[in-house]
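Below is one structure, written out as structure tokens, with a few remarks after it.
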Number of protein chains: 2
Amino acid sequence: MTPQRRRASVVDVAKRAGVAVGTVSNVLNRPEVVAPATKERVLAAIEELGFVRNGRARELRAGRISTVGAVVLDIRNPFFTDVARGIEDRLERDDYTLMLASSDDDPDRERKYLRLFEEHGVHGLLVVPSSADLAHLTAIQARGLRVVVLDAPSSLEGLSSVAVDDIAGGALAAAHLLDRGHERMVFLNGSHSIRQCAGRRAGVDRAVLARGMDPAGVVEEISLRSLDAAGGDLATSRLLDAGGPPSAVFCVNDLVAVGVQRALRRAGGTELLRRVAVVGYDDIEVAAELAVPLTSVRQPTHEMGWAAADLLLEPVDSERHVVFQPELVVRASSAAGPA
Amino acid sequence: MTPQRRRASVVDVAKRAGVAVGTVSNVLNRPEVVAPATKERVLAAIEELGFVRNGRARELRAGRISTVGAVVLDIRNPFFTDVARGIEDRLERDDYTLMLASSDDDPDRERKYLRLFEEHGVHGLLVVPSSADLAHLTAIQARGLRVVVLDAPSSLEGLSSVAVDDIAGGALAAAHLLDRGHERMVFLNGSHSIRQCAGRRAGVDRAVLARGMDPAGVVEEISLRSLDAAGGDLATSRLLDAGGPPSAVFCVNDLVAVGVQRALRRAGGTELLRRVAVVGYDDIEVAAELAVPLTSVRQPTHEMGWAAADLLLEPVDSERHVVFQPELVVRASSAAGPA
DNA sequence: GGGCGCTCGTGAGACGATTCACGCCATGAC
DNA sequence: GTCATGGCGTGAATCGTCTCACGAGCGCCC
């Protein structure tokens, strides 16, 4: 309890209890081999000195590692925190801990965190890659770490993965808007170097082609720099300034859709809001509670996190892939027909 | 690049480059003292072996620690992720890293994570305490770690803190409802062992007393087990079953308020929703975009996180307290008058 | 040519916990 | 009385990195 210059170590405890360091270690790790009286003395000394094990030394010696690192794209997006929660729940079962970091879609930040985790000696890494190039991940795996890629379905070069079928998701959304009669739509997407973005676009194209139409004539894709409400708001404002509202907008995630709705309402009130069909992606918790409840593509977030952590902890050494199917949740925001 | 049984160590690198281990270390840490030719050889060996520093050994030896641990109440609440972002931004400036964990309002989980972080040897800890008892935190501080308490203003027993004035926040919300003429209100709160909850209740009482009324007659407080949309939904459903809708509801956070709105709408459509005045807390990003935009108490989240990290990194050793003032953001949800 | 200073590189020791081969002692069987 | 057995405890060696006191080699100047 008294402030100390230096943390107490096993040596200090051993001295205080009048035993050897090995005995202290035994009390901590295999208490059953220590006689009760001795154990008592050691525990008392630990208490008095406020001794706390030094995990770094412990892991250095033992090689044991019970931490897992995860790098997601944006920690403020509920989609990723839900996935993280799924990861955590699975890890807890095996007494592992999660270190979470957010790359902000920035490959450099991603690399920085991956390196940090690797130096730190994590058991494995869960990564939502921010670019299409996975060479740095295969290199890490080659060094003996387990790597599981989340949300990046294709061309995995030997890495295990958990993903939702983004092509199917994009197709669901686009088909829904086409069904409503929209023959032109705006797609607010992220950079195609983000795999989910490229995949959803491919799905959109597939749905359009399936109806014998030409994607180039139907889909106007706008690439956003920031995939959040601010990004959606800004892009929509520009559209309105440029030539009036589109009749249908598909957004690469729900936060962007929230921004779209915000800009529409600001420009033309609820009336304008109801005239534009908006479809989001992720089905975040508040999607149903918005001014105009949002039609969205739902992904099984918790299950994805769980499955990813599962792949990481499993002793299996082979490459494995888990693909979940997305689901369209139809609400009022997509009710509007074409202009 | 080739898979290896064991991670390459400095010894391996030294052998390969034909130098001493100290030289390898110098290349990594003080490259300017190594002759160019030697440095070249060492770097080549590092590349060939895929050598990655072992951070555990490094920190063990150096005592140097560049990690900070944070334990927040609920990682899915945007309030906490915004605070976390503030922390991260401040830490990044000094090349520190954040390990984030979520206690789920559970003191046992909180203790578990704190212990883990302490064993891990973090530089310091940022904690949003889940109970009123801070003895375990002072004990940690006594052992030489820096501890900053977030969002817990009173009786700090020597711990530095960053907080928003919860009493003022509770008072703002209650005064607003009283101004609208509501003489009865429901307060959906969490356990009073959570300090923010106790503080906001105190603020509510203060506002009521300031008008010469009796809190017991005005405020019906309901204690929720889970402070999220599900919790608010459930409590509201029960209220409706028991005796019809209240005229005013103050929620301890916005997620709870979202749940309240959901239950109201389910029971009586938008019409019922507009008849009940609802005030939330935190002003999360989507608060303005809900079906009925939510009146809420805004807290400067990013600044709080930044300030907390600042206290942790500063070399100052004295106890410091930073208190931010909350702000009421009035929107449509609180427009309804008394029944 | 002896002394001095400088640049580079060396390698043993330290950080703190764990492990394991070993020794001590008491007990009990023959 | 001897020997085997088993329960307890010991402490040196180990993990991988960094530090630091030291020394080798070289050039330069008086």
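Throughout, a chain's letter reflects where its sequence line sits, starting with A, and its residues are numbered from 1.
Side chains of B:Ser102 and B:Asp104: a donor on one and an acceptor on the other come within 3.5 Å. Using a 3.5 Å distance cut-off with no hydrogens or angles, the side chains of A:Glu319 and A:His321 do pair a donor with an acceptor.
For the pair B:Arg30 CZ and C:dT7 P, the interatomic distance rounds to 14 Å; values are reported in whole Å. Following rounding to the nearest Å, B:Glu59 (CD) and D:dC18 (C1') show an atom-to-atom distance of 13 Å. D:dG16 atom P lies 16 Å from atom CD1 of B:Ile46, rounded to whole Å. Taking atom CG on B:Asn54 and atom C1' on C:dC15, their separation rounds to 13 Å, with Å as the unit. C:dT10 atom P lies 15 Å from atom NZ of B:Lys15, rounded to whole Å.
Relative to the side chain of A:Val34, the nucleotides D:dG9, C:dT10, D:dA12 differ in distance, and D:dG9 lies closest. With distances taken from any side-chain atom of A:Val19 to the nucleotides D:dT10, C:dT18, C:dA12, the minimum falls on D:dT10. Picking from D:dT17, C:dC8, C:dT18 the nucleotide with the shortest atom distance to the side chain of B:Ala57 gives D:dT17. Proximity note for B:Leu60 (side chain, C-beta onward) versus C:dC15, D:dT10, C:dT18: the nearest is C:dC15. Considering only the side chain of A:Val21, C:dT18 comes nearest among C:dT18, D:dT19, C:dG11.
Between B:His123 and B:Tyr96, the ring-plane angle classifies as perpendicular under the 30° and 60° cut-offs.
Of the side-chain N and O atoms in B:Ser9, none sit less than 4.0 angstrom from OP1 or OP2 of D:dG16. Residue B:Arg56 places no side-chain N or O under 4.0 Å from the OP1 or OP2 atom of C:dC15. A sub-4.0 Å separation between OP1 or OP2 of C:dT18 and a side-chain N or O of A:Asn29 is present. Checking the phosphate oxygens (OP1, OP2) of D:dT10, a side-chain nitrogen or oxygen of A:Thr23 falls inside 4.0 Å.
For A:Arg109 and B:Glu92, the salt-bridge test passes: some basic side-chain N is under 4.0 Å from an acidic carboxylate O. A salt bridge does not link A:Glu88 to A:Arg93: none of the charged nitrogens lies less than 4.0 Å from a carboxylate oxygen.
Interface remark: the A:Arg61 side chain does form a donor-acceptor pair with the C:dT18 base, using a distance-only criterion of under 3.5 Å.
DNA chain D is contacted by both B:Gly55 and A:Glu32; A:Glu32 maps to the nucleotide lying nearer its 5′ end (nearest heavy atom per residue).
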